[in-house]
Protein chains: 4
Amino acid sequence: MSGINKVILVGHLGKDPEVRHLDGGVTVASFPLATSETYNKDGKRVEQTEWHNIVLWRGLAEVASKYLQKGKLVYIEGKLRTRSFEDKEKVKKYVTEIVAENFTMLGRKSDFEQSPTATIHQAPAERKIEDEFTIGPSDENGDLPF
Amino acid sequence: MSGINKVILVGHLGKDPEVRHLDGGVTVASFPLATSETYNKDGKRVEQTEWHNIVLWRGLAEVASKYLQKGKLVYIEGKLRTRSFEDKEKVKKYVTEIVAENFTMLGRKSDFEQSPTATIHQAPAERKIEDEFTIGPSDENGDLPF
Amino acid sequence: MSGINKVILVGHLGKDPEVRHLDGGVTVASFPLATSETYNKDGKRVEQTEWHNIVLWRGLAEVASKYLQKGKLVYIEGKLRTRSFEDKEKVKKYVTEIVAENFTMLGRKSDFEQSPTATIHQAPAERKIEDEFTIGPSDENGDLPF
Amino acid sequence: MSGINKVILVGHLGKDPEVRHLDGGVTVASFPLATSETYNKDGKRVEQTEWHNIVLWRGLAEVASKYLQKGKLVYIEGKLRTRSFEDKEKVKKYVTEIVAENFTMLGRKSDFEQSPTATIHQAPAERKIEDEFTIGPSDENGDLPF
DNA sequence: TTTT
DNA sequence: TTTT
């Protein structure tokens, strides 16, 4: 039976999206997203920031690379995926990413003046499971995509 | 400004919850949760399973250890948290976990015969950010909690 | 700027889906869904059930009518939509519905023996806003679809 | 068995929160929230706005009345509840509301300068089901709270 | 009108 | 390591 694997984030991009074109012409974009939480500790206001690795595929990657930039506030919906790779020293490592399924730009209108205002969805024909595509450090130079 | 960091999962426990009592009497429970996705690839039905590291604190940990077992179907709501630790060889590693905020047991009644049927929430006074508590491999014996 | 309008439900169908074919060949299905919450009141276990009006369009309606029946446990994701209509006495009324965007069958396998096990999504080309289609009492016979 | 009844909204307040104090000193706040969706229809950009009736109880109502105003952008999490009431003519009517469980203010920092930046949760002891409290038109003057 |  |  099927399960549910859903992530909902609202946060700011830590960097501009990094776009890559895989063999076969598939586009992948990725960027770090920060979600901050503020709480009181001994009467003081403390902020804790969590960083998330966001990955977008194909059309969604192209829209993201066009409209999202470092610092923008964005709503992202996607699913968790943990994948393994070998680093430069051939050590097996794991990274957990959020594979985006759709996103919506939030924040001041001026931030997105030439941009679409709708929620951007993963295009339909593109909704396959992406695991055949091995992106990441092991393919290229051992650096994390984030 | 605050962000949103929310995870929603429906899946089966891969193992019984593992319960630990930290110094100071704080209870932590953890277990792996599988969410399966089925899709068609070249006309064949393929199943892909994603494994998630679930962590529960205090009262929620105690309820989980009492009512959840390997194989059970459960709805879990929580937030993502990536933490670092050093493995036995002093190599810095990262693990992404879902810190549960509430859960609901799903599935056949017989699966939960002596159990409560309500959604179990993290008790209020317990809703602090848990980062002061360094659980995990480096503290104790080098094993991942998962 | 765009907003977010998302509903996540896990519950049981109160009736079999009711299927209608609109002019133009568009299929619409609808059914009531019950979500139950259990809580303690003065030491007694009390159950409170909320009923939701679920609406599905086109391909999603067809899949639902094929695989969902009264009593089944289902995960539904969709959006809220409130629409007005006139009842038999020409009184303007409002009804709030959940327009489903995808669903996943949960529960025992035997419940879904000949059914697909994947999450069912609204097909892509079908992802338009449905407000041109005025279904409901005023069109036909004054009965609520629920 | 318990179900799930969850709503996630990001939108703008249509009015300032309206605060009421029930007998017994319980505070209730309510306001309309707009979520907009933009889509293409025959090559033209069309915006469709959905209005939601938000209700907040006790401490959450008090925080909302203090920090939220007409026009602000807010993330709201809650559950659906449909209740009936009699209007001035003693006609039974239904209204579906979102009972907020927590909210987070989004948007420009200047919008919330003297405000907390954390997600505001329904305080724990307050997490009861609210159906003993009959708020709404029938109690007072026949007007919808929205 | 569901389910436990 | 789950489940169907």
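The sequence lines fix the lettering, A, B, ..., with proteins before strands; numbering per chain opens at 1.
Atom-to-atom, CG of B:Leu13 to P of F:dT1 comes out at 15 Å; the value is rounded to the nearest Å. A straight line from CG of B:Leu106 to P of E:dT3 spans 16 Å, rounded to a whole angstrom. In this structure, C:Leu73 atom CG and E:dT1 atom P are separated by 20 Å, rounded to whole Å. Distance CD1 (B:Ile76) to P (F:dT3): 15 Å, rounded to an integer number of Å. Rounded to a whole Å, the CD atom of C:Glu50 is 13 Å from the C1' atom of E:dT2. In this structure, B:His12 places its NE2 atom 11 Å from P of F:dT2, rounding to the nearest Å. For the pair B:Lys70 NZ and F:dT1 P, the interatomic distance rounds to 7 Å; values are reported in whole Å. At whole-Å resolution of the value, CD in C:Gln48 and P in E:dT2 are 17 Å apart.
Partners of A:Glu50 according to the salt bridge (charged side-chain N to carboxylate O under 4.0 Å, His left out) rule, which considers only residues two or more places apart in sequence or in another chain, do not exist here. B:Lys93 meets the salt bridge (charged side-chain N to carboxylate O under 4.0 Å, His left out) test with B:Asp87; sequence neighbours excluded.
Taking only side-chain atoms of B:Pro32, from C-beta outward, the nucleotide of F:dT3, E:dT2, F:dT1 with the closest atom is F:dT1. Closest contact between the side chain of B:Lys15 and the listed nucleotides F:dT2, E:dT2, F:dT1 involves F:dT1. Here the nucleotide nearest the side chain of C:Ala34, chosen from F:dT3, E:dT2, F:dT1, is E:dT2. Ranking F:dT1, F:dT3, E:dT2 by closeness to the B:Trp51 side chain, first place goes to F:dT1. Closest to the side chain of B:Glu47, from the set E:dT1, F:dT1, F:dT3, is F:dT3.
Between the side chain of C:Asn5 and the backbone N or O of C:Leu80, at least one donor-acceptor pair lies under 3.5 Å. Of the possible polar contacts, one joining the C:Asn53 side chain to the C:Thr96 backbone as a donor-acceptor pair under 3.5 Å is found.
Backbone-only engagement by C:Gly71 is indicated by non-hydrogen atom pairs under 4.0 Å involving sugar-phosphate atoms exclusively. If you check every strand for non-hydrogen atoms under 4.0 Å, B:Thr35 touches nothing.
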Run the numbers on C:Tyr39 and C:Glu37 for side-chain hydrogen bond (donor to acceptor under 3.5 Å, both in side chains), then give the verdict.
CA-CA 7 Å; C:Tyr39 63 101; C:Glu37 189 174 355; over 6 Å; no
